[in-house]
Amino acid sequence: MAKQKETQKLIANNKKAYHDYFIEESYEAGIALHGTEVKSMRQGKCSIKESFIRIENGEVYVYGMHVSPYEKGNIFNKDPLRVKKLLLHKYEINKLSGKVAEKGLTLVPLQVYFKEGKVKVEIGLARGKKLYDKRQDIARKDQRREAEKEFKVKNL
């Protein structure tokens, strides 16, 4: 039996997380949503720029994830900034809570996407960057951009 190609449709990406943190590990988690939230996500109306993840009472929650209300949803729409539960296995939650207890590690959502019809969140175990690390990244990007520009000019 041939394995079907996995289809992923990106809904939201958190570029700021890669700028502010060193991502050490990443995990895939499901997310508990209500009906109109899923419809809104199908239209791509989701933002995870200012969101963060906490582990409370053995369960994982994402705070600050904004899912715009579905325009045809009327009374069934939920609060756009409500706390949403992430779905992970118990051993994964225990592993993550042990690592977050270490100094300087936190959980951040990296991207939200559809995978085989289900909404998934990629969460990253991250360590905060210092200001000089951010400057180095910016300088490296500028240097790469300049090199690409010179290469393009030379090859015309």
Side-chain angles (χ1 to χ4, degrees), residues 3-70 73 75-145:
K3 187 175 180 181
Q4 294 178 350
K5 183 184 168 194
E6 288 184 12
T7 57
Q8 288 189 356
K9 180 187 171 219
L10 188 66
I11 301 169
N13 197 1
N14 192 355
K15 292 180 184 176
K16 189 177 179 189
Y18 291 101
H19 178 71
D20 292 341
Y21 300 100
F22 292 114
I23 308 300
E24 296 187 358
E25 292 180 39
S26 63
Y27 298 88
E28 183 180 73
I31 185 167
L33 296 170
H34 293 282
T36 58
E37 290 177 323
V38 177
K39 290 179 180 185
S40 182
M41 283 196 168
R42 286 205 187 282
Q43 295 176 341
K45 301 197 174 176
C46 175
S47 172
I48 55 172
K49 276 191 177 130
E50 299 296 322
S51 58
F52 60 95
I53 297 173
R54 279 201 185 132
I55 300 175
E56 298 171 355
N57 302 327
E59 294 182 337
V60 184
Y61 296 97
V62 62
Y63 291 82
M65 181 177 171
H66 187 277
V67 178
S68 298
Y70 184 58
I75 61 168
F76 299 108
N77 282 332
K78 298 288 181 188
D79 177 33
L81 288 171
R82 78 176 181 86
V83 178
K84 294 158 190 71
K85 183 177 176 183
L86 295 181
L87 308 172
L88 288 162
H89 290 285
K90 197 56 125 182
Y91 69 89
E92 288 178 314
I93 295 171
N94 291 338
K95 183 179 174 185
L96 285 173
S97 62
K99 290 191 176 193
V100 168
E102 289 180 32
K103 188 173 184 268
L105 289 177
T106 187
L107 291 171
V108 291
L110 301 176
Q111 53 182 283
V112 181
Y113 53 91
F114 277 106
K115 182 178 179 182
E116 298 172 9
K118 294 175 178 64
V119 179
K120 300 288 183 179
V121 179
E122 184 181 342
I123 58 177
L125 190 64
R127 186 176 306 277
K129 284 186 181 178
K130 304 282 188 240
L131 186 61
Y132 57 85
D133 291 327
K134 293 179 190 178
R135 286 184 187 142
Q136 285 176 347
D137 282 352
I138 292 169
R140 205 174 298 128
K141 273 186 196 171
D142 287 344
Q143 193 175 22
R144 185 178 50 85
R145 205 174 298 125

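Positions are given from 1, in the same order as the sequence printed here.
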For Y21, give me all partners under side-chain hydrogen bond (donor to acceptor under 3.5 Å, both in side chains), at least two apart in sequence or on another chain.
none

Between K9 (side chain only) and G44 (backbone N and O only), is there a donor and an acceptor less than 3.5 Å apart?
no

Can you name the side-chain hydrogen bond (donor to acceptor under 3.5 Å, both in side chains) partners of Y18, sequence neighbours left out?
none

E24 and K99 ion-paired at < 4.0 Å:
no

Side-chain heavy-atom pair V108, I23 within 4.5 angstrom cut-off:
yes

Of the options L88, I31, L87, which is the one that meets V60 in a side chain to side chain contact (heavy atoms under 4.5 Å, CB included)?
L88

Candidate pair F114 and V119, rule side-chain contact (heavy atoms from CB on, under 4.5 Å), full reasoning:
CA-CA 5 Å; F114 277 106; V119 179; 3.3 Å; yes

Does L125 reach the side chain of L107, with side-chain heavy atoms less than 4.5 Å apart?
yes

Apply side-chain contact (heavy atoms from CB on, under 4.5 Å) to K90 and list each qualifying residue two or more places apart in sequence or on a separate chain.
N94

Going by salt bridge (Lys or Arg N to Asp or Glu O under 4.0 Å), name the residues that satisfy it together with K85, two or more places apart in sequence or in a different chain.
E59

Heavy-atom side-chain proximity of I48 to V121 below 4.5 angstrom:
no

For S68 and S40, which heavy atoms make the closest approach, and how far apart are they?
O-OG, 2.5 Å

Sorted by chain and number, sequence neighbours left out, salt bridge (Lys or Arg N to Asp or Glu O under 4.0 Å) with D20 holds for K134

Output all residues satisfying ring pair (Phe, Tyr, Trp, His ring centres under 6.0 Å) with Y61, sequence neighbours left out; order by chain, then residue number.
none

Could you work out, with salt bridge (Lys or Arg N to Asp or Glu O under 4.0 Å) as the rule, every residue matching E92, not counting sequence neighbours?
none

Partners of K120 by side-chain contact (heavy atoms from CB on, under 4.5 Å), sequence neighbours excluded?
E28, Y113, K115, K118

Find out whether Q111 and L10 are in side-chain contact, i.e. whether some heavy atom of one side chain is under 4.5 Å from a heavy atom of the other.
yes

Does the side chain of E37 come within less than 4.5 Å of M65's, by heavy atoms?
no

Could I get the full list of side-chain contact (heavy atoms from CB on, under 4.5 Å) partners for E50, not counting sequence neighbours?
K16

Salt bridge (Lys or Arg N to Asp or Glu O under 4.0 Å) against R54, all qualifying residues, sequence neighbours excluded:
none

Atom CD1 of I53 and atom CG of L96: how far apart are they, to the nearest 0.5 Å?
9.0 Å

Partners passing ring pair (Phe, Tyr, Trp, His ring centres under 6.0 Å) against F22 (at least two apart in sequence or in another chain):
none

Sorted by first residue and then second, give each ring pair (Phe, Tyr, Trp, His ring centres under 6.0 Å) pair with at least one member in residues 90-111; sequence neighbours left out.
H89-Y91

